[in-house]
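Below is one structure; the comments refer to it alone.
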Amino acid sequence: MSHVARQADGDEKRERVNFIEQEVLQDLQLPKLAGRKVATRFPPEPNGYLHIGHAKSICLNFGLAEKYGGTCNLRFDDTNPSKEEQEYVDSIQEDVRWLGFQWNELRYASDYFDQLCDWAIQLIKAGKAYVCDLTAEQTREYRGTLTAPGKNSPFRERTVDENLKLFAAMKAGECADGARTLRAKIDMAASNINLRDPVMYRVLRSHHHRTGDKWCIYPMYDWAHGQSDSIESITHSICTLEFEDHRPLYNWYCENLGIYHPRQIEFARLNLSYTVMSKRKLLQLVKEGHVSGWDDPRMPTICGMRRRGYTPESLRAFCDRIGVAKFYSTIDVTVLENSVREHLNLVANRVMAVLNPLKVVLTNYPQDQVELMDAINNPEDASAGSRQVPFSRELLIERDDFMEDAPRKFFRLKPGGEVRLRYGYIIKCDEVVKDPVSGEVLELRCSYDPETRSGDENAVPRKVKGTIHWVSAAHAIKAEVRQYDRLFLTENPEVAPEGENFLANLNPDSIRVATAYLEPSLKEVKQGHFQFERTGYFCVDSVDSTAEHLVFNRIVPLRDSWAKMQEK
RNA sequence: UGCCCGAUGGUGUAAUUGGCAACACGGAAGAUUCUGAUUCUUUUAUUCUAGGUUCAAGUCCUAGUCGGGCAGCCA
């Protein structure tokens with residue numbers, strides 16, 4: 001009912017759309033786009049794994065198409081074979097699908113290499129492109145600086161015929177790598193450096209993951225991207241802010257080629273606190289073994305988050321929540337974590353698991369008796385049903401749930417105190433057994449109140465302040481539990497002490513492995529997300545967990561207001 | 001001493017395009033609770049600076065401040 005009310009409420013409110021969506025909606029009214037639906041593309045370079053920053057772009061591009069009945073292509077920007085690999089092509093497709101999106105068409109910039117080449121010849125013939133023999137270093141010198149204009153290349157005024165001939169030679173493999181380039185003839189004095197006769201083609205002998213050894217010249221990003229968009233009839237080419245300066249060039253190519261001209265719109269890429277996002281740094285973490293791989297659950301990669309147990313729904317909700325703007329902002333990781341909790345709370349079945357055990361003996365409970373207690377699987381979802389959990393004389397509880405010298409506000413077990421065992425009985429702590437030497441608490445001897453069985457209609461309605469989870473010692477199954485924490489200690493890992501880099505900020509305690517005791521219902525589990533009651537959300541590790549050796553990853557802990565209180 | 005872009009509560013984004021600054025998250029307080037979870041209620045706090053235009057400016061103009069991007073044959 002409240003759901004309906006909320007919806008009705010929402011209908012009355014103006015829908016909030018980001019600035020890109022606004023522009024798109026307006027553009028669609030233009031005569032140029034008459035009768036057209038929005039068409040976007042997600043254009044990753046296959047030189048690394050996708051991360052949460054890409055998820056923002058994916059949600060934006062695919063989301064826009066989805067929302068307005070348009071289309072979104074997945075296009076690999078594979079114009080630089082020296083850095084690109086099939087492995088990445090595969091993982092990117094898997095990640096996009098996993099996020100819940102379907103591309104209209106799967107394309108590659110390399111699909112357009114022939115067309116691009118024809119267009120280059122067209123520009124040469126129009127006197128708008130020339131072959132340049134300057135070395136890379138000379139090219140840089142001639143380009144000028146941010147404050148000083150460049151000067152024309154001595155090869156700038158070659159004749160059309162000569163350019164045609166030389167470009168053919170480049171293409172035919174008659175030039176050494178780096179010996180020549182094809183450049184657009186624009187303006188060496190332009191205040192925008194991208195317009196100072198940008199390189200269109202470089203000579204590069206490198207095996208391409210799709211075209212093999214067919215080409216020895218490869219187009220630059222700027223020369224490929226806009227035309228690829230144009231070929232695919234993209235209406236809106238959405239990219240990150242660093243390409244803002246490239247927009248005039250994007251436009252120049254489309255205009256001078258006289259081809260359909262999509263509109264490029266830029267937005268600020270995502271920054272997350274306590275993590276790094278650059279491909280170079282992520283690669284370094286992997287290569288140097290600071291993490292176990294691209295899919296290490298501590299990585300901000302999509303595959304890392306997937307293995308960690310984050311759900312596509314939560315990632316999409318997160319991307320929705322952070323909005324889209326041109327302001328370069330940093331989102332606090334807790335926003336991500338809260339999105340994850342929000343979804344998991346709805347879908348994750350509850351189970352009981354003890355991470356740090358303390359033995360409890362119920363002295364007045366019959367020696368060999370075992371009761372099966374009914375436990376609700378998910379209070380948020382009645383259809384999830386219930387299960388039975390064995391209860392017996394010897395139990396394991398969480399060590400943190402007992403305190404010998406407890407403060408007033410401590411609602412859990414203390415000497416002489418009472419607590420409810422979740423789905424069990426109320427018990428009273430009668431005796432604390434300690435190691436005479438170390439003083440360590442070895443076990444608790446308690447008595448249970450047989451009149452207080454959970455769910456029993458005849459039970460006496462007693463209330464106690466606290467409820468704790470437990471497992472039956474004899475029935476519990478062991479599992480390895482990996483409790484993850486943030487990979488970096490500092491909010492912005494890029495800021496490192498003098499002479500050091502981001503690695504100095506690595507959290508040495510970002511993974512903590514423990515042996516946990518789980519209720520037996522988890523015995524045959526192979527996959528899935530669970531809430532370990534009162535502890536956190538956990539998932540079966542997709543890589544290392546086996547029937548003989550269960551491994552769980554902590555996705556995210558539950559909110560803990562007790563811990564927060566203690567901090568004060 | 002170039003060009004381009006940006007600046008709204010603690011954080012992130014809105015503001016019907018010049019008309020009462022709002023939404024979410026977080027924080028705080030409380031209620032409910034057999035999870036110190038969830039849920040619910042209440043509450044907190046905002047337009048970078050200085051001028052100008054206007055009945056009216058977060059929005060327009062001018063200047064400044066601060067932040068970011070750009071000098072790959074990377075994307």
Side-chain angles (χ1 to χ4, degrees), chain A residues 2 13-14 16-19 22 43-45 47 77-80 82-84 132 134-137 139-141 143-150 177-183 190-196 198-204 217-218 220-222 224-225 239-248 266 268 273 279 320-332 334-335 338-339 341-342 345-346 350 352 376 379-380 409-412 419-424 426 452 454-455 463-469 531-537 557-565:
Chain A
S2 67
K13 278 174 199 157
R14 289 176 52 76
R16 308 163 99 78
V17 297
N18 64 57
F19 81 99
Q22 286 180 30
E45 182 188 12
N47 70 342
D77 226 327
D78 55 352
T79 57
N80 185 2
S82 57
K83 300 202 295 184
E84 297 152 5
C132 181
L134 253 27
T135 64
E137 195 182 336
T139 305
R140 193 184 330 122
E141 284 162 15
R143 185 160 32 230
T145 68
L146 293 176
T147 50
D177 282 13
R180 287 196 166 111
T181 57
L182 182 72
R183 301 174 69 181
S191 55
N192 182 338
I193 290 180
N194 294 120
L195 264 15
R196 318 240 261 231
V199 172
M200 295 160 61
Y201 277 102
R202 73 278 216 188
V203 180
L204 177 64
I217 56 171
Y218 288 96
M220 299 290 291
Y221 164 87
D222 289 304
H225 203 91
C239 62
T240 46
L241 247 28
E242 67 267 30
F243 292 103
E244 211 161 16
D245 287 343
H246 293 243
R247 187 169 4 112
E266 311 84 11
S273 63
K279 281 185 190 173
D320 208 48
R321 187 165 295 177
I322 58 177
V324 178
K326 293 191 74 164
F327 180 62
Y328 208 72
S329 62
T330 299
I331 313 285
D332 200 297
T334 57
V335 177
N338 286 328
S339 300
R341 286 193 188 100
E342 201 170 275
N345 174 50
L346 263 24
R350 274 61 168 170
M352 292 197 283
I376 295 164
E380 305 289 331
K409 295 270 195 158
F410 187 76
F411 302 151
R412 285 111 93 152
V419 75
R420 169 167 289 282
L421 294 177
R422 177 90 158 145
Y423 300 124
I426 291 177
T452 58
S454 287
K463 287 215 167 193
V464 284
K465 198 78 177 155
T467 299
I468 63 173
H469 62 278
Q531 183 193 111
F532 289 3
E533 288 213 30
R534 303 206 314 125
T535 308
Y537 294 98
L558 248 34
R559 273 211 188 80
D560 188 352
S561 58
W562 166 243
K564 214 176 275 179
M565 262 172 75

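Atoms considered below: every heavy atom in the structure, side chains included; atoms not considered: hydrogens, waters and symmetry mates. Throughout, a chain's letter reflects where its sequence line sits, starting with A, and its residues are numbered from 1. As the structure is a computational prediction, the values presented were derived from the model and not from experiment.
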Report yes if a side-chain nitrogen or oxygen of A:K463 is closer than 4.0 Å to either non-bridging phosphate oxygen (OP1 or OP2) of B:U33; otherwise report no. yes

Starting at atom CG of A:N18, determine the distance to atom P of B:A14, rounded to an integer number of angstrom. 7 Å

Expressed in angstrom and rounded to an integer, what is the separation of A:F327 atom CZ from B:C66 atom P? 16 Å

With a 3.5 angstrom cut-off on both distances, give the Watson-Crick or G-U wobble partner of B:A14, or none if there isn't one. none

Return the nucleotide paired to B:C48: Watson-Crick means purine N1 to pyrimidine N3 with N6-O4 or O6-N4, wobble means G-U with N1-O2 and O6-N3, both under 3.5 Å. B:G64

Between A:I376 (CD1) and B:A37 (P), how many Å, whole number? 18 Å

Syn if the chi torsion is within 90° of 0, anti otherwise; quick check, which is B:G72? syn

In whole angstrom, give the distance that lies between atom CE of A:M220 and atom C1' of B:A75. 9 Å

Heavy atoms under 4.0 Å, any strand shown: does A:F410 hit a base, just sugar-phosphate, or nothing? base

B:U49 to B:C66 separation - C1' atoms, rounded to the nearest Å: 10 Å

At 4.0 Å (heavy atoms only), tell me whether A:S561 reaches a base, stays on the sugar-phosphate, or touches nothing. sugar-phosphate

Short side-chain N/O contact to B:U13 OP1/OP2 from A:S329, under 4.0 Å: yes

5'-most contact on RNA chain B (nearest-nucleotide basis), A:L558 vs A:T147, goes to A:T147

Return no unless some side-chain N or O of A:R196 is found under 4.0 Å from OP1 or OP2 of B:C70. no

With a 3.5 Å limit on both atom pairs, tell me what B:A28 is paired to, counting Watson-Crick and G-U wobble, or say none. B:U42

Check whether any side-chain nitrogen or oxygen of A:R412 sits under 4.0 Å from OP1 or OP2 of B:G36, and answer yes or no. no

Taking only the P atom of each, what is the distance from B:G9 to B:C48 in whole angstrom? 7 Å

Reckon A:R534 has a side-chain N or O less than 4.0 Å from the OP1 or OP2 of B:G36? yes

Determine the Euclidean distance between corresponding C1' atoms of B:U32 and B:A7; express it in Å to zero decimal places. 43 Å

Answer with base, sugar-phosphate or nothing: what part of the nucleic acid does A:E266 contact at a heavy-atom distance below 4.0 Å? nothing

Value in whole Å for how far the P atom of B:A37 lies from CE of A:M565: 11 Å

Who does B:G9 pair with, Watson-Crick or G-U, both distances under 3.5 Å? none

Using whole Å, report how far CG of A:N80 lies from C1' of B:C73. 10 Å

Quick note, A:E242 side chain, CB onward, closest among B:C73, B:G26, B:G69 is B:G69

Students often get this wrong, so: under 4.0 angstrom with heavy atoms, is A:A136 touching a base, only sugar-phosphate, or nothing? base

Answer yes or no: is there a donor N or O on one side and an acceptor on the other, between the side chain of A:R196 and the main chain of A:A190, under 3.5 Å? yes

Considering only heavy side-chain atoms of A:T145, the closest of B:U35, B:A75, B:A71 is B:A71

For B:A71, which nucleotide is its Watson-Crick or G-U wobble mate, given both distances must be under 3.5 Å? none

Once you apply a heavy-atom cut-off of 4.0 Å, does A:P379 come out as touching a base, just sugar-phosphate, or nothing? base

Does a side-chain N or O from A:R247 land closer than 4.0 Å to OP1 or OP2 of B:G69, or not? no

Return the 5'-most residue of the pair A:T535, A:E137 with respect to RNA chain B, ranking by each residue's nearest nucleotide. A:T535

What contact category does A:E533 fall into here, base, sugar-phosphate, or nothing, at under 4.0 angstrom with non-hydrogen atoms? base

Using both distances under 3.5 Å as the test, list the Watson-Crick or G-U wobble partner of B:A57, or none. none

Considering every strand and a 4.0 Å limit on heavy-atom distances, what is the contact class for A:Y201: base, sugar-phosphate, or nothing? nothing

Over all strands shown, is A:K279 touching base, sugar-phosphate only, or nothing at heavy-atom distances under 4.0 angstrom? nothing

Between atom NE2 in A:H469 and atom P in B:U33, what is the gap in whole Å? 22 Å

Whole-Å gap separating C1' (B:A29) and NZ (A:K564): 13 Å

Any N/O pairs under 3.5 Å between the protein and nucleotides 17-21 of chain B? List them or say none.
unit_1 : atom_1 : unit_2 : atom_2 : d
B:U17  : O4     : A:Q22  : OE1    : 2.8

Flag yes if more than 12 heavy atoms outside A:I376 fall under 6.0 Å of its CD1 atom; otherwise flag no. no

Does B:U1 have a Watson-Crick or wobble mate here (both distances under 3.5 Å), and if so which one? none

Less than 5.5 Å between centroids and less than 30° between ring planes, does A:Y328 satisfy that with B:G6? no

Is the distance from OP1 or OP2 of B:G72 to the nearest side-chain N or O of A:R143 less than 4.0 Å? yes

Pairing donors with acceptors under 3.5 angstrom, does anything connect the side chains of A:R559 and A:N338? yes

